[in-house]
A.B. asks: 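Take a look at this one; I'll ask things after.
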Amino acid sequence: MPVQYYIFLSIALFCIGVMGVLMRRNAIIIFMCVELMLNAVNLLLVAFSKMWADAGRVDAAGAQIFVFFIMVVAAAEVAVGLAIIVMVYRNSQSVDVNIMNRLKN
Amino acid sequence: MINLVWLVPLLPLLGFLVNGLGRRYLSKSLAGIVGSGAILAAFVISLLMFLEVRTPGFQAVTVQLFDFISAGSLHIPFAFQVDQLSSLFLLIITGVGSLIHIYSTSYMHDETSEGFARYFAYLNLFVFSMLILVLGANYVMMFIGWEGVGLCSYLLIGFWYKNTNYNNAAKKAFVMNRIGDLGFLLGMFLMIVHFGSVNYAEVLPQIAGVAKGDGTLAAIAILFFVGAMGKSAQVPLYTWLPDAMAGPTPVSALIHAATMVTAGIYMIARSNILYTLAPCVQNVVAIIGLVTAVLAASIALKQDDIKKVLAYSTVSQLGYMFLALGVGAYTTAVFHVMTHAFFKALLFLGSGSVIHAMGGEQDIRKMGGLKKYMPITNATFLIGCLAISGIPGLSGFFSKDEILSHTFAANKLLYVVGLLTALMTAFYMFRLYYITFCGQFRGTHEQEHHLHESPGAMTFPLIVLAILSVIGGYVGLPAVFGAPNLLEHYLHPIFAASAEKVELHEMAHSTEWLLMGLSSVLVIITIFLARNWYRNFTDNGEPRTGIAKVLENKWYVDEIYDAIIVKPLGMLSRFFEEAIERSGIDRLVNGVGRGVQWGSQQVRLLQSGQVGFYIFAMVIGMVILFVIGFLVR
Amino acid sequence: MLTVLLILIPLVTGLIAFGLKGSGPKTLGLISSLASLAVTIAALFQFRSAPESLSHSCNWIPQLGAGFSVGLDGMGMMLSLLTSISFVLIFIVINKREYDRANSFYALMLLSQAGLMGVFAAYDAMLFYFFWELALIPVYFLCSLWGGEKRIPVTFKFFVYTFAGSLLMLIGIIYIYLQTPDHSFSYASFTTAALPKETQSCLFWLFFVAFAIKMPIFPFHTWQPDTYEQSPTPVTMVLSGIMVKMGLFGVIRWLLPVLPQGAYVWSDVAIVLSIIGIVYASCIAIVQSDFKRLIAYSSIAHIGLMSAAIFANNEQSLQGVLVQFFNHGINIIGLWIIVEIIQDRLKVKSLNELGGIAAYAPRMATFLVIISFANIALPLTNGFIGEFLMFSGLYQYNPWFMAVAGLGVILGAVYTLNMVQKVIFGQPNQLTETTTDLRGNELLALGVIVAIILVLGVYPKPMLELVQSTTELVNKVY
């Protein structure tokens, strides 16, 4: 399969993620959308890695290292982020992000 | 002796310093002695120098004191030049000056001793400046004196500084003079550019080598003449001189009749070669002079203030002198300066004597019949009037007649107008004389009781000046009398260069006799006319109408100037102040400041605290960057 | 070494003055300014014998190529003489005044003196910029702490305005710095940078606007009347007598030699702006009723003439400007001293409330008349010589420009005589009857000023010789 297909797919996923982050107010869904964006990038990295490997580059697998990094970061982020969300929920019985604009003052 | 020339201006300067710094400590008599003594001593030195200068074959001597300005190629020394012209002027200034100083010791006696010393300090400073003006060996030195006399004139016109009108008159005099000074400055710069120097000894010979009718010379000449217009009160810059009568009367006699106002004539006489080579400018000088002479004489016909009549008469006589310069009769102009200094100083001092006796009254309608109270003043004033009118045998006759005959030779039309002016002069002078000294006394009882002849310190200068007014003319007898013209002979070296360039019109002796006779007869007739009308003048108090009213109001020139210059200038200034400065530039500057503040207020709204909005803005920004990157590539 | 001393004395005494109490700062200020004057006079003698010994150079920020190099040429000598004399005069005049927080007041005054001396001595662009700002900041505080009622907005405007100009100049300095072959801020590398003509004509505006704001010339002048009006008078003296010279000095020292072609391209524009300023400010001065504002506008007119003469850039005009640097400073400080005295006695600034002072304070009246006439350049006062040479130079550049600028001579007479008349002549009113004449210290200060006016008016030669070298140098570079 040509690499363009992967690119289009990951752009689509990424855009869905962006739109989700922008539009939704539920913190958990925003979180999931962030994960979606990260994974769209992961997909792209894997696709490019495969493309360069087919072209005969020996160091093409390096791209996959980044994928692991991103997974680790995402996991850490989930751990911290979910904890914050839980705390917010405990304080205000809601996971609506608009509540958090109280931080402004 | 000539090398001591610096003493001549130094003595008045010392007098100024002593009187100025010690004005609180000096008694009146001491201040008077210092003031008059300084001038008298200067006169003695001038006289000694004159005796040396008048020897035939005398060459001009330059005495350099120090370098005044040296910038690049321009060198202007602080130097004095003694020659026939400056020596003659020295005599006039210090001679008439001493008499007026002596007169002042008595005239100003009612001042406080501080004011008295201040007066003499100013007067000495004036003489100093005037001496610098005529002694300077270059145009910058002349300019130093030129502005210096302007300053002194300012200070003396506004001597009684509590009176706002006097101050305004002083300010007007200074500002109008400055307009002329700007012309003088421009002329000097043009001279520097073209001739690289302003020293007479270097520039004048260079000019003599330039072809006649050269444009640059004409430009320099006209610019200098603008300067002369201001200083010597010619149309259109003459209106300050009548107002300058606000000063003490001896000041009017010295500054505004005998010396300062003749500075313009001195300047043109000094630069005669320049004007000879610029004939078109010479015509302008003649025409302006004549216009001034007629205009001022016509105004003098209907003035009721004794000093105003004399002031307009001065303007008119100055116009005459410029007419003489304009037709190329330089010697005659200087001659008239001299005779005019005698008889006009005499007339002013006489009027001062009258004002003194009248307790400060200047309106001639309130005088009359003073003949029997003040015999000496009356006699000397009459001599002055006869001299200025040009009665044969007196000094004014010779100088005026020479001007008229030169004018006749140059242009018949100018002659007719000039003669008309002479008749007007005779008429208004005798109108003044008869109203003041003849008929019935018309003032208050108190004034009549107070009337008295002035003290000796005042009558002595009158007598001396009266004698000079009678005999002063014999130094410049016209050729027709067969006697040698001493003055022309004496001044010949100064005007030699001009004389080479242009042939003075020679006239047949018969024509000259005819002209002389004609003018004499007409003048005598005019005097009789004036006598008939004004011998028994009574003031009926009716306001004047028609042309008389216009003349009384001086052709409304002051009002016209006010409307076309003073008021628009004020309006322009206020327009600048309010419309451009405050609402224009400053508002713009403040607007930039306000704009920044307003902009910040608006931008601040973006900081809403909505995380979603921030992210949205970030995404939009990234999209825009991508699009730009895509399009640019 | 003397040059460094000239900067160090006020700097150190200024810092010390912060810590003093009572009449300590006052005494220290006077001593310090007298010491500066003594050093300046010593430097003057050294300048006559060995001018190069006044230059001093050492490393400052070697990483940037900025050195601490100072020196005095004829122009710098003249200006440091002006600065030292002015500060002595100012401290003498205010000797009897009591200021709140006197220690800070005197300290800031001294610091501004240090800044000014630095500007006039700097031979390194970075150092120049440093002192340029250093001189500004104390003045800002002086105005905003001891000024009149509207001091806060006015000084804010003053500061932002001049600072904006300085930043433009900084951009220009950095740009030229990057173009210099040896990456140095030194005067020598700047003058040999040899930038292409187009670059020069762009850079010209960066420098010109900074200097024009400082001078100030039309249309960058609107901060000035407000600031002069609101500042305490001693500060106004510093501002109008010395600080405005910074702009003119900057043009001669940095703009003309560094960007000769740029200056050549734009000189007509600069002169026209200056001349508009002369006529415009003179006209406005005629209708001012506030004493301080009138002098402020008169100063704009005079500065306009100097600026026009600088850009006319020939031997006579430059020499005239350099002489006028000193004379204008002395004369205008004289005028401000009289303003200060009148304000101190009568507490009014409006000319319409004054009048008739001559009868009650004849000495002051005499001084005012002499200084005013020096201000309108009467011959045999110090004002004449500079103005004559400037007009003459300007005439050689373009007669029409000079003729229009010459209107300033007439208008100057109008507003100056108006002022004199309204202040000292006329009938006294209830207020002015209480005027007392000059006291000892005021008499001393004004006496010195009048002595300078008359001596230099009659014998200007030493002055002209002092600046001859600068004139020749600039002309050669040009």
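Residue numbers start from 1 in every chain, and the chains themselves are labelled A, B, ... in the order their sequence lines are given, proteins ahead of strands.
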A.B. asks: Taking only residues two or more places apart in sequence or in another chain, which ones pass side-chain hydrogen bond (donor to acceptor under 3.5 Å, both in side chains) with A:Gln64?
C.D. replies: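 Partners of A:Gln64 under the side-chain hydrogen bond (donor to acceptor under 3.5 Å, both in side chains) test: A:Ser49.
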A.B. asks: Can you list the residues that meet the salt bridge (charged side-chain N to carboxylate O under 4.0 Å, His left out) rule with B:Arg574, with sequence neighbours excluded?
C.D. replies: none
A.B. asks: Among B:Phe189, B:Phe68, B:Phe224, B:Phe184, find the residue that satisfies the ring pair (Phe, Tyr, Trp, His ring centres under 6.0 Å) test when tested with B:Phe143.
C.D. replies: B:Phe184
A.B. asks: Would you say B:Tyr561 and B:Asp558 are linked by a side-chain donor-acceptor pair, where the criterion is simply a distance under 3.5 Å?
C.D. replies: no
A.B. asks: Going by the rule salt bridge (charged side-chain N to carboxylate O under 4.0 Å, His left out), which residues pair with B:Arg24 if we only count those two or more places apart in sequence or in a different chain?
C.D. replies: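 Result, salt bridge (charged side-chain N to carboxylate O under 4.0 Å, His left out) vs B:Arg24: C:Asp437.
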A.B. asks: Please list, in residue-number order, every residue in residues 6-26 of chain A that has a heavy atom less than 4.5 Å from any heavy atom of chain B; write 'none' if there are none.
C.D. replies: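 Contacts with chain B: A:Val18, A:Val21, A:Leu22.
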A.B. asks: With under 30° as parallel and over 60° as perpendicular, where do the rings of B:Phe78 and B:Phe66 fit, or are they tilted in between?
C.D. replies: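 Aromatic pair B:Phe78/B:Phe66 classed parallel.
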